[in-house]
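Report on the following structure.
Basis for what follows: all heavy atoms, side chains included, without hydrogens, waters or symmetry-related copies.
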Amino acid sequence: MSCARPSSGRAPAALIAVAACLALATAAFASPSEEDAAGLLRASIDASRSVSYIGQLETIRFSANKANATIVRIEHRAPDRTRRWYLAPESLYGDYIITRSTTTWQFDTRRERVTMSSNPLLDVSLAAGNTLELLYANYRAVPSGGEIVAGRPTTSLVLINKYTGERVARVWIDSQTKLVLRKETFHADGSIATSSRFEELRYTEKIPDDIFSTNVPDGYTQVTEAEREAPTLDLESVTREAGFKPASPADLPEGFALVGSSVETVNGVKTVHLTYSDGLRTLSLFENAAGAEADFGLEKPREIALGDDRGKLVEHGSTTLISWKEKQLTLMLVGDLSRAELARIAASVIP
Amino acid sequence: MNDHFSTDTLIDYLHGELDPASDARVHQHVAACRACAAELDRERTLGDALRAAAGRDERELPAALKAQIWAAVRAESPRPFGWVRSLLRPVVAFPVAAAAAFALYFASPASPLWPTHAAPAIAASYYLERHEAQQLQNPLAERSMPAPTIEAGYEGSAQSETADLATEASVSPGTLDVVR
């Protein structure tokens, strides 16, 4: 009897090749330890400063019975130049936004208007430094497998609130470049609040300068917003500038801390803005002592009980706004928490 | 001639209550018209008779009685705050009180005449936009991710207007439906 046997040289080579492929695949989708997850999270925050790309991003925000959606094409050249132009919805089609460092130019093609504004928080290093420690302190980053997003292998991390055990966010991080390619955030009841995902993605350094041109087209109106200062933690200076002492919530969810405050003049009214964060979620408390109430435009606010008081509530996507009056202050609370949590926070604000 | 004056007109003429032009016309007419002159004379005679009859019914008080009345008036001592008591009479008090109440009301801030300085409203889109800007403090905030825009219902999409964001230091009212 004679059988055809493979030569002794080719069989081991084939086996080695298969084993190598399996190892690569495993490595691509290997879940890091929780210690590695924290490092991976940190790397993803800084990734946009070193990675250039062109991609198409889809974003959906969900509220109780509505959904807001956009499709945006993005050109990003590291470290800090970005152009976003809208493909959808139709009302924004053709509009585009140029960001250079901390300055933004918004081109509204319908109104033929360019609005220039600056926000120091667009600086990743400044923003991350303020709240990254809060993020590490309040959330566990738990590895959760990986999948292919926009043709790229990713590692996903679930961010779980240490106090409530709730899943608050999940991110899919490019295994190679560490860029966040997909992200989901969740309501307190576990339903999805926001979902963003790159549908197309190409890494390239070759993005021409004129893509980021801020030349104003003929006939366009130019508007320059007042320069915004970086928020401060000096409440005494805020009190002096505002002319009144702002009130703070006595009851905040665990992990939340004041991360900044500022004073702006809006329609001639001195308005204090207090920002609270737990590293992942943000609350804003606006206050004025001039009795200036909120104009909700076409939205019809609903009444909500705030302890012994009554307030007005509007939901916009995953964000809720509650306005009310307390003694001499007119207040507005804005955040992505549940309605019940926001109402409890609002009821604890006592001037 | 058939343009006689009425009896009422002649009475008014007799009492000097006509305007100068009418008075002149009646005077001229009466000088030439026997009928109106006779009517005028009858009214004058009647008036004289009535005044005479009224005068006959008047009685003069006796001098001694008049003296007693005046003596009693002079002897009456003035009451303390008598002028106040006079003001408290209803015919005086009510109009005075009403006038004071009106004055207090219109002078108070609750009055519709009081100039109001209501604070201007602040568009809710301002608060939303500033909150979104501060969310960039979140290390995982998508700095290249656009803010939510139009409302897309589950049964289809609906377009809405773009909100006006802050311009200069002021904010124009806008809807919440679209935010950049």
Which residues pass the side chain to side chain contact (heavy atoms under 4.5 Å, CB included) test with B:Leu46, not counting sequence neighbours? B:Glu43, B:Leu50
Beyond-backbone contact of B:Ile122 with A:Thr271, side-chain heavy atoms, under 4.5 angstrom: yes
Contact check, side chains of B:Gln134 and A:Pro231, non-hydrogen atoms, under 4.5 Å: yes
Toward chain B, the part of A:Leu135 with a non-hydrogen atom under 4.5 Å: side chain
Does any heavy atom of chain B fall under 4.5 Å from the side chain of A:Val269, the backbone, both, or neither of them? side chain
side-chain contact (heavy atoms from CB on, under 4.5 Å) between A:Asp336 and B:Gln135: does it pass, once the steps are laid out? CA-CA 10 Å; A:Asp336 294 354; B:Gln135 285 204 105; 3.4 Å; yes
Holding to salt bridge (charged side-chain N to carboxylate O under 4.0 Å, His left out), I want the full list of residues that pass it with A:Glu293, two or more places apart in sequence or in another chain. A:Lys325
The reported gap from CG in A:Asp295 to OH in B:Tyr127 (rounded to nearest 0.5 angstrom) is 10.0 Å
Within this structure, what is the NE2-CG distance for the pair B:His131 and A:Leu283, rounded to the nearest 0.5 Å? 7.5 Å
Salt bridge check, B:Glu132 against A:Arg61: does any charged N sit closer than 4.0 Å to a carboxylate O? yes
What residue, out of A:Arg281, A:Arg83, A:His273, A:Met116, has the most heavy-atom pairs lying under 4.5 Å from chain B? A:His273
Nearest atoms (heavy-atom pairs only) where A:Asn267 meets B:Ala121: ND2-O, 2.9 Å
